[in-house]
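Everything numeric here is computed off the predicted structure, so don't read it as measured data. Here is the naming used below: chain letters follow the sequence lines, and residue numbers restart at 1 for every chain.
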Amino acid sequence: MPELPEVETVRRDLTRSLAGKRITQVEILNTGSLKGATPKGFLGEISGRSFTRFGRRGKYLILHLDTGKVLVVHLKMTGVLQYQQKGDSLPRAARIIFYFSGGQRLVFSDQRKFGSIELAGDAGTIPSLQEMGPEPLEKDFTSEALKERLGGRRGPIKPLLLDQSIVAGLGNIYAAEALHRAAIAPQRPADQLSGPELKKLHRAIIQVLKEAIAARGSSVDTYRDGQGKKGWFQVKHRVYGKQGNKCRRCGGTIVKEIFRGRGTYWCPKCQR
DNA sequence: CGAGTTTCCTGCGCGC
DNA sequence: TGCGCGCAGGAAACTC
Ligand SMILES: [Zn+2]
């Protein structure tokens, strides 16, 4: 599942691959993957254009066109954006393909069709982007900012970490990993976290995201980077997907539980 | 406003 | 080996 580190890896890859390339043609294989324009309108807006800048906000990738318009991409669970050379084999789940003048292509594939590419005048017009919380790797994400965003909410901390309006870019993997590093149980009511615990959590979020970016993300399922290659942070996971294993901190057994309808991985012995 | 529930979609793993 | 079923999950849309 692409979360902040995976989307950031793709952003960096595409920045290198696509700079200065002109789009000659677009092929829409699944119209449901396209938002903000009809297929015909999309072709008209995109053909002949080039990408000028590659941004990210939370798990959204923002591709700026030379017209000033943007493509806002969300990979959701199984979306992949990969740059291919002429002759590379097309992914089975290819949904939208951008062709470039040199014969290369950018392929958006998405097995479960949850992801999308939205054409917009600018990123600010998209409601979910307007409501996005602080970027955890920016300077304004302080432990005070985290506390303020949690705003005395009484619900359990884990679902709140998945709420993009509280912190941008965390998903099931990195919420679990950050809570384990901070030794906080997923069920703990957010308003009962102490000052030191919030500081530890804040630090854990930043550290795990930075380490994951350095490892080019977690390829637990279908995730691939901008070159179609796997990341390797999954081998560094301490709780996510590690049910039945021993906790590296306390020797306890990692469990997987369904909590609030989501798979939740944690160590009941050292996460309190 | 917050909190809970449903929906989207399809490959995979499981049980028989 | 083959079949059918249930599961996984981010976030929008909905209800209470
Ligand atoms: Zn432990």
From the list C:dA8, C:dA12, B:dT10, which nucleotide is the closest neighbour of the side chain of A:Arg95? B:dT10
Closest heavy-atom pair and its distance - A:Asn172, A:Gly263: ND2-O, 3.0 Å
If you take all heavy atoms of A:Gly79 and A:Asp110, which pair is closest and at what distance? N-OD1, 3.3 Å
Verify, without hydrogens or angle tests, whether A:Arg22 (side chain) and A:Gly48 (backbone) share a donor-acceptor contact under 3.5 angstrom. yes
What are the two closest non-hydrogen atoms of A:Pro156 and A:Pro186, and how far apart are they? CB-O, 3.6 Å
It should be established whether A:Lys113 places a side-chain nitrogen or oxygen under 4.0 Å from OP1 or OP2 of nucleotide B:dT10. yes
Presence of salt bridge, A:Lys229 and A:Asp13, under 4.0 angstrom: no
Distance check needed: B:dG2 P versus A:Asp191 CG, whole Å only. 14 Å
Does B:dC1 have OP1 or OP2 sitting under 4.0 Å from an N or O in the side chain of A:Arg153? no
5' priority, DNA chain C, between A:Glu131 and A:Met77 [closest heavy atom]: A:Met77
Rounded to the nearest angstrom, tell me the gap between atom CD1 in A:Ile166 and atom P in C:dA11. 13 Å
Dot-bracket, 5' to 3', for DNA chain C please: Watson-Crick or G-U pairs under 3.5 Å, [ ] where pairs cross earlier ones, | where the partner sits on another strand, dots elsewhere. .|||||||||||||||
Are OP1 or OP2 of B:dC8 and a side-chain N or O of A:Lys76 less than 4.0 angstrom apart? no
Without decimals, in angstroms, what is the distance between A:Met1 CE and B:dC8 P? 22 Å
With sugar-phosphate meaning primed atoms plus P, OP1 and OP2, does A:Ile126 contact a base, only sugar-phosphate, or nothing at under 4.0 Å between heavy atoms? nothing
Any Lys/Arg nitrogen of A:Lys236 or A:Glu177 sitting under 4.0 Å from an Asp/Glu carboxylate oxygen of the other? no
Protein-nucleotide distance (A:Phe114, atom CZ; B:dT6, atom P), rounded to Å: 16 Å
NZ/NE/NH1/NH2 to OD/OE distance under 4.0 Å, A:Glu3 and A:Lys59: no
What are the residues of residues 218-234 of chain A, sorted by number, that bring a heavy atom to within less than 4.0 Å of DNA chain C? none
Can you work out whether A:Gly155 or A:Asp110 has the more 5'-proximal nearest nucleotide on DNA chain B? A:Gly155
Go through the N and O atoms of the side chain of A:Arg262 and the base of C:dG10, and report whether any donor-acceptor pair is under 3.5 Å. yes
A:Leu75 CG to C:dG10 P, in whole Å, measures 13 Å
Rounded distance in Å - CG (A:Leu162) to P (B:dA3): 14 Å
When rounded to whole Å, the NZ to C1' distance for the pair A:Lys256 and B:dG13 reads 12 Å
I'd like to know whether A:Arg188 forms a salt bridge (charged side-chain N to carboxylate O under 4.0 Å, His left out) with A:Glu197, so could you lay out the CA-CA distance, the side-chain angles of the two residues, the decisive distance to 0.1 Å, and finally the verdict. CA-CA 11 Å; A:Arg188 273 287 292 290; A:Glu197 282 178 319; 2.7 Å; yes
Taking the basic N atoms (NZ, or NE/NH1/NH2) and the acidic carboxylate oxygens, is any pair closer than 4.0 Å for A:Glu45 and A:Lys69? yes
For a quick check of understanding: with a heavy-atom distance under 4.0 Å over all strands, which category does A:Gly32 fall into, base, sugar-phosphate or nothing? nothing
Do any side-chain nitrogens or oxygens of A:His74 fall under 4.0 Å of OP1 or OP2 in C:dA11? yes
Take the protein atom CD of A:Gln111 and the nucleotide atom C1' of B:dC12, then report the distance between them rounded to whole Å. 9 Å
For A:Gly217 against A:Thr9, the heavy-atom pair lying closest together: N-OG1, 4.2 Å
Taking the six-membered ring where the residue is Trp, are the ring centres of A:Phe141 and A:His202 under 6.0 Å apart? yes
Is the shortest side-chain N/O distance from A:Arg112 to OP1 or OP2 of B:dC8 below 4.0 Å? no
Short side-chain N/O contact from A:Gln164 to OP1 or OP2 of C:dG10, under 4.0 Å: no
Whether A:Thr78 contacts B:dC9 is assessed here as follows: a side-chain N or O lying under 4.0 Å from the phosphate OP1 or OP2. Is that the case? no
